[in-house]
Amino acid sequence: MQIDVVSIFPEYLAPLELSLIGKARQDGLLDLKVHDLREFTTDRHRTVDDTPYGGGAGMVMKAEPWAQALSSIAEAGHAGEKPVLIVPSPAGERFNQALAHELAEEEQLIFACGRYEGIDERVIEWAAEHFTVRPMSLGDYVLNGGEVAVLAMVEAIVRLLPGVVGNPESLVEESHADGLLEYPVYTKPSTWRDREVPPILLSGNHGKIAQWRRHEQYRRTAARRPDLLDGFDATKLTRADRTEFSDLGYDVVDGRLHRRPDMPVNDQG
Ligand code: JA8
């Protein structure tokens with residue numbers, strides 16, 4: 001996979017040289033380049049921003065340096081399908097694990113890190129002729145620029161590339177792989193500051209352990225992220241699974257979970 005990141009603060013992307021991502025680069029699984037937007041300016045002051053038309057606070061990123069940078073990167077890239085251009089923005093589509101899997105299938109990803117009040121909208125319109133443009137948000141909060149969002153998205157995507165994460169089982173077992181939050185984990189000692197590890201985990205009964213972990217996932221998800229249960233496939237639940245969901249205030253109707261009204265809120269997740 002080829003990843004290009006464009007930023008006026010390329011040093012912010014230094015963590016991409018480290019650990020997991022740096023290893024993927026050394027192993028030849030990833031070709032990652034960070035580009036300084038100012039290298040694509042032509043004026044003496046290397047200007048990347050200007051005042052907004054229509055007035056208002058702050059500055060807007062000028063169109064031409066972005067067009068020059070993106071054209072240069074597209075020409076250097078492979079001539080296959082259109083590269084995907086990811087534009088971090090609080091106004092973007094919410095990035096999630098399913099999108100990370102989808103983007104991990106692409107040949108080339110380009111990340112455009114905006115700063116100030118954002119990038120001149122005409123860049124986004126023009127880019128749609130040459131790239132598959134995906135404005136993306138990590139969540140409902142505002143950062144000073146796209147760089148930190150890119151660090152998170154690149155890590156989420158690169159660790160899914162074949163050969164990057166050592167044990168592929170840890171990919172299927174992890175949080176969100178089945179649309180639920182992860183179960184709690186414990187390690188030695190079995191008693192720590194008067195707190196015991198749940199005894200079922202010491203029982204050696206692997207069927208009971210798997211069920212206990214699944215039920216902990218249900219409890220946590222119902223307490224912390226009930227929104228995730230809206231899309232949960234309840235067609236393959238065991239009797240014990242249904243009973244657990246019933247205790248949490250959910251009934252199964254047509255293979256979907258439905259929260260019973262008048263049920264006290266589960267805050268024990
Ligand atoms: C921002 Br400016 C700017 C550019 C991208 C992003 S992504 C996010 N949450 N905030 C701000």
Side-chain angles (χ1 to χ4, degrees), residues 2-18 21 32-41 43 45-74 83-104 106 108-128 130-160 175-176 224-225 227-228:
Q2 185 181 340
I3 296 182
D4 294 275
V5 186
V6 186
S7 166
I8 59 167
F9 294 121
E11 62 276 24
Y12 243 82
L13 286 310
L16 297 179
E17 316 271 338
L18 299 173
I21 293 158
L32 187 146
K33 293 191 183 75
V34 178
H35 309 264
D36 184 347
L37 182 69
R38 289 192 201 277
E39 298 292 315
F40 300 92
T41 59
D43 66 313
H45 300 288
R46 312 220 300 168
T47 311
V48 294
D49 63 328
D50 206 337
T51 54
Y53 277 119
M59 300 291 269
V60 172
M61 294 191 104
K62 292 171 69 64
E64 191 57 22
W66 277 109
Q68 293 297 331
L70 297 173
S71 296
S72 154
I73 291 164
V84 175
L85 177 64
I86 298 161
V87 185
S89 161
E93 174 186 5
R94 179 71 74 86
F95 182 77
N96 61 20
Q97 191 66 18
L99 272 161
H101 278 279
E102 192 183 311
L103 294 170
E106 297 290 336
Q108 185 181 16
L109 301 177
I110 304 170
F111 290 89
C113 300
R115 281 265 154 183
Y116 317 116
E117 302 308 307
I119 304 170
D120 188 314
E121 188 64 23
R122 294 168 295 182
V123 174
I124 313 302
E125 295 169 14
W126 164 83
H130 308 276
F131 306 91
T132 302
V133 182
R134 306 289 297 264
M136 293 263 170
S137 166
L138 288 191
D140 294 337
Y141 44 84
V142 179
L143 303 170
N144 283 330
E147 286 81 2
V148 166
V150 167
L151 290 177
M153 289 189 275
V154 168
E155 180 160 312
I157 293 162
V158 167
R159 63 190 294 285
L160 299 177
S175 207
H176 295 288
R224 302 178 186 176
R225 292 292 307 279
D227 58 300
L228 294 178

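Sequential numbering from 1 along the given sequence is applied to the chain's residues. We count ligands from 1, going down the list as the structure has it; atoms in each ligand are counted the same way. Only this structure's heavy atoms are used, side chains among them; waters, hydrogens and symmetry mates stay out.
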Does any N or O in the side chain of T41 come within less than 3.5 Å of the main-chain N or O of D43, such that one atom is a donor and the other an acceptor? no
Does this structure show an ion pair linking E102 with R134, if we count only N-O contacts that are shorter than 4.0 Å? yes
Just to verify, what does H101 make a ring pair (Phe, Tyr, Trp, His ring centres under 6.0 Å) with, not counting sequence neighbours? none
Please check: side-chain N/O of S71 versus main-chain N/O of Q68, any donor-acceptor pairing under 3.5 Å? no
Quick check with a 6.0 Å cut-off and a 45 degree axis cone: is R115 positioned over the face of Y12's six-membered ring? yes
Residue contacts for ligand 1, heavy atom to ligand atom, distance under 4.0 Å: P88, S89, P90, G114, R115, Y116, Y141, V142, L143, N144, G145, G146
Any idea which heavy atoms bring V5 and C113 closest together, and the distance? CG1-SG, 3.9 Å
